[in-house]
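All remarks here apply to the structure that follows.
In this chain, numbering begins with 1 at the start of the sequence shown. Hydrogens, waters and symmetry mates play no part in the numbers below; they use all other heavy atoms, side chains included.
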Amino acid sequence: MSILFNEGTKTFHLYNKEISYIMTVLPNGHLGQLYFGGRIHHKEDFSCFLEMSCRPMASCVFDEDRFFSLEHIRQEYGVYGTTDFRHPAVEILQGNGSRISDFVYQGYEITDGKPKLSGLPATYTEDEKEAQTLTVSLKDPVTGIVLELLYTIFAEGGIIARSARLTNQGTDSVQLTRAMSLCLDLPDCDYEWMQFSGAWARERHLKVRRLEQGIQAVDSLRGHSSHDHNPFIVLKRPTADEEQGEVLGFSLVYSGNFLAQAQVGTHDMTRVLLGINPMGFSWKMEPGECFQTPEAVTVYSRKGLGDMSRTFHRLYRKRLARGYWRDRERPILNNNWEATYFDFTEERLVSIAGKAKECGVELFVLDDGWFGARRNDHAGLGDWTANPELLPGGITGLAEKIEALGLKFGLWFEPEMVNRDSDLYRTHPDWILQTPDRHSSQGRSQYVLDFSRREVVDCIYERMAKILREAKVSYIKWDMNRSITECYSGVLPADRQGEVFHRYILGVYDLYERLNSEFPDILFESCASGGGRFDPGLLYYAPQGWASDDSDAVERLKIQYGTSFCYPISSIGSHVSVSPNHQVFRMTPLHTRANVAYFGTFGYELDLNRLTEEEQQEVKEQILFMKQYRRLFQFGDFYRLSSPFDGNITAWMVVSEDKKEAVLGWYKVLNGVNLPHTRLRLQGLGQDLAYRICVDQEEREGVYYGDELMNAGLVTSDSASGEVSRSQKASCDFDSRIFVLRAED
């Protein structure tokens with residue numbers, strides 16, 4: 001890993017074993033993009049990559065020089081209006097009405113390690129040798145605004161982390177109306193665009209299309225990253241697949257309104273932009289004030305989508321998630337929500353927890369409905385004190401009873417919201433986001449607290465912290481059940497209302513940070529009606545997230561498959577729920593519900609008392625199995641083998657770092673009859689290792705070498721292909737199997 005600068009050509013070269021990132025100071029002082037891809041040898045002059053031509057009808061920067069038009073040059077942080085007509089990375093509204101900027105190179109600094117971003121989540125290092133950071137400074141001579149572009153290259157993996165910081169060193173205030181985290185100009189458009197989209201209960205479904213001239217984009221204007229689109233996109237060559245080919249992944253470490261965009265020009269150059277959504281955004285910068293953008297992480301791989309994903313997994317698992325739970329196996333939990341909803345008593349909760357303990361569960365979680373007047377979703381939000389009719393001893397008393405059973409205790413909060421029917425709202429009706437003289441819309445009978453205000457965050461912090469100081473709480477499920485409407489803060493002046501969306505998210509981060517700091521041993525799980533804010537920003541504070549409110553195993557195949565392209569398995573909250581499922585009413589075998597949920601944090605979303613004795617015994621066996629392989633599931637290398645978006649069969653696997661152990665999940669949606677025999681090519685095994693294979697904990701005869709399983713494949717034929725063996729159970733709809741591979745000594 002190194003960052004080199006050639007003074008003669010004003011060229012920067014960032015490289016490690018996997019990648020090179022090369023840029024240069026252009027003749028007008030702007031920073032130009034030369035190359036980003038697989039590692040190439042360093043040399044003094046890369047000017048061959050600076051492609052300029054005399055294009056007809058082009059507007060040009062310099063008199064009598066028809067070759068230098070910013071419209072046709074790759075740049076690092078493009079501006080609009082000075083011969084570049086593409087969407088810009090930055091735009092600044094000045095006092096005279098102008099939006100023109102001219103950021104000219106001033107200098108650079110190279111530092112070991114990686115600096116923190118003030119008030120924002122970001123990847124980090126624990127040793128300065130893990131990464132180097134380049135900060136390039138540019139300045140607009142008219143406004144005096146300094147632009148610093150930060151680039152961190154890690155020693156391992158094809159990773160570049162980027163952000164931008166703007167400082168007003170001028171004498172007049174300005175309005176920053178666009179400040180992207182990343183601008184990357186690519187020399188061609190021969191890519192397929194991959195996005196991860198959907199809606200509530202069907203989040204992060206994979207969508208693929210070819211790039212064409214024009215703009216392809218996903219975004220959010222909901223005040224959070226949203227169920228609709230994830231702040232993560234992929235550009236891949238059309239021939240690339242899971243195992244080979246050139247791939248670029250772009251991920252924004254942010255939880256608010258975002259934009260991810262690829263713009264293809266008429267000469268097939270592609271500009272990728274990633275950052276805060278400029279729609280509705282502005283930030284007033286007084287003289288001396290700074291603005292820091294969120295971090296954008298780019299991963300480049302020549303080894304396909306799988307290698308890109310595993311690079312993200314390792315980075316986000318080890319250098320984005322933090323704290324006590326980062327490297328620890330996550331407890332197997334039982335959440336009462338789908339078991340009881342609002343209809344519970346303390347006695348019933350203890351009964352559910354007691355059976356969970358008997359089955360081997362480690363953590364009992366009390367969900368919504370325990371506080372204030374909360375007997376339905378119309379009241380109580382904001383009143384974070386236990387309802388004495390439900391919990392006579394409060395949260396402290398219930399936690400003691402759960403702990404006495406030998407379980408840890410977890411608790412649900414929705415700290416960002418309030419009901420009109422609450423003491424908090426009656427005391428502070430001005431604390432919600434609301435526009436003067438306008439109707440205030442509601443969602444789920446609730447309103448959004450103005451987390452851009454310090455006093456609001458302080459109040460919620462003290463109310464949550466009081467409970468956590470008094471009771472033995474080991475886990476918090478942090479929910480957020482509606483998007484932001486009427487986004488207006490009653491304490492900010494008119495020329496700062498464009499800051500509210502961003503200030504709100506900064507307030508959320510601040511509350512998380514303060515709770516993390518005071519209660520470092522608590523495991524936080526983020527939730528937003530399931531997957532409405534499943535993004536890298538929250539992984540910094542909560543190492544796992546509830547991936548979706550849809551707990552149906554068949555639907556979860558697509559949700560968890562799509563999620564795995566960027567996010568580590570240890571971050572994916574996944575539970576076994578009741579059948580028929582409460583979202584899609586599907587009847588799914590208990591073994592399949594568990595076989596899907598294993599590939600995540602694992603738990604139960606039901607009352608185990610209501611299962612038959614036979615089912616309870618099966619649950620006990622599932623929990624024993626998960627405990628045996630939990631570290632492998634949550635921290636092994638993950639491989640996607642067969643996509644639920646392409647057919648009836650889904651398959652994925654995790655492999656230990658030493659390749660001596662692996663677990664394969666195989667899932668069939670609909671059964672068939674008289675089908676062909678099938679094989680599945682595995683990945684990630686040791687070619688020369690000999691493996692014993694257990695199928696659903698029954699050992700298969702023979703020894704199988706890694707190269708055999710990866711090239712010839714693993715036989716997966718079941719009874720739908722004829723009678724494979726007299727002892728094999730009949731296959732069915734929504735069937736699944738778990739294969740465990742262990743290398744012989």
Side-chain angles (χ1 to χ4, degrees), residues 323-325 331 333-337 340 342 344-354 356-357 361-375 379-419 422-428 431 449 451 454-480 507-508 510-527 541-543:
Y324 179 85
W325 285 101
L333 66 81
N334 189 180
N335 186 300
N336 77 298
W337 179 241
T340 68
F342 292 108
F344 62 81
T345 62
E346 183 174 84
E347 182 180 7
R348 187 176 179 194
L349 294 175
V350 173
S351 172
I352 294 171
K357 171 61 179 176
V361 168
E362 299 159 318
L363 168 69
F364 176 77
V365 179
L366 171 57
D367 211 283
D368 194 359
W370 56 267
F371 50 91
R374 188 73 165 176
R375 303 314 301 139
L381 276 177
D383 297 339
W384 300 112
T385 56
N387 184 327
E389 295 180 8
L390 299 174
L391 306 174
I395 293 300
T396 300
L398 177 61
E400 288 174 351
K401 291 182 178 181
I402 299 301
E403 289 260 341
L405 293 172
L407 292 168
K408 296 297 183 182
F409 176 70
L411 192 59
W412 180 96
F413 284 94
E414 190 172 2
E416 302 160 59
M417 304 292 160
V418 66
N419 292 120
S422 69
D423 291 339
L424 178 64
Y425 181 83
R426 283 184 281 271
T427 305
H428 297 287
W431 277 12
L449 288 169
F451 264 43
R454 179 74 179 191
E455 67 270 27
V456 177
V457 177
D458 287 346
C459 174
I460 299 302
Y461 169 71
E462 288 301 332
R463 294 186 179 202
M464 294 178 70
K466 184 177 187 298
I467 293 172
L468 302 180
R469 290 168 190 147
E470 296 173 353
K472 294 182 178 179
V473 178
S474 300
Y475 162 102
I476 289 176
K477 179 182 177 182
W478 181 315
D479 212 341
M480 191 279 293
V508 173
D510 178 53
L511 181 56
Y512 259 115
E513 185 66 35
R514 292 159 73 179
L515 291 169
N516 279 176
S517 298
E518 184 171 354
F519 308 101
D521 293 345
I522 290 180
L523 172 59
F524 285 82
E525 177 168 298
S526 63
C527 177
Y541 307 98

Legend entry - Modelled atom types, side-chain donor and acceptor of E455 and W431, under 3.5 Å: no
Legend entry - Spatial distance of atom CE (M480) from atom CD (E414) [nearest 0.5 Å]: 8.0 Å
Legend entry - Under 3.5 Å: donor-acceptor pair, side chain of S351, backbone of E347: no
Legend entry - Shortest non-hydrogen separation from A471 to A399 and the atoms involved: CB-CB, 4.5 Å
Legend entry - Derivation of the side chain to side chain contact (heavy atoms under 4.5 Å, CB included) call for W478 and L515: CA-CA 12 Å; W478 181 315; L515 291 169; 3.8 Å; yes
Legend entry - Check: F342 main-chain N/O paired with R375 side-chain donor or acceptor under 3.5 Å: yes
Legend entry - Test side chain to side chain contact (heavy atoms under 4.5 Å, CB included) applied to L511 and F451, step by step: CA-CA 9 Å; L511 181 56; F451 264 43; 3.7 Å; yes
Inset, instruction - Taking side chain to side chain contact (heavy atoms under 4.5 Å, CB included) as the test, write out the residues that go with N516, two or more places apart. - result: R322, F524, Y541
Legend entry - Main-chain N/O of F413 paired with D479 side-chain donor or acceptor, under 3.5 Å: no
Legend entry - Qualifying residue for side chain to side chain contact (heavy atoms under 4.5 Å, CB included) with W370, from L391, L349, N336, L390: L391
Legend entry - E362 vs N334, side chain to side chain contact (heavy atoms under 4.5 Å, CB included): CA-CA, chis, key distance, verdict: CA-CA 8 Å; E362 299 159 318; N334 189 180; over 6 Å; no
Inset, instruction - Give every residue pair that meets the side-chain hydrogen bond (donor to acceptor under 3.5 Å, both in side chains) criterion with at least one member in residues 387-397, sequence neighbours excluded. - result: none
Legend entry - Under the side chain to side chain contact (heavy atoms under 4.5 Å, CB included) test, residues paired with A465 that sit two or more places apart: Y461, R469, E518, F519
Legend entry - Inter-residue atom distance L424.CG - C459.SG, 0.5 Å rounding: 5.5 Å
Inset, instruction - To the nearest 0.5 angstrom, please state how far the CZ atom of F371 sits from the OG atom of S422. - result: 10.0 Å
Inset, instruction - Check V365, D367, L398, I467 against L411 for a side chain to side chain contact (heavy atoms under 4.5 Å, CB included) and give me the one that passes. - result: I467
Inset, instruction - Please answer whether the main-chain N or O of A379 pairs with a side-chain N or O of R374 as donor and acceptor at a distance below 3.5 Å. - result: yes
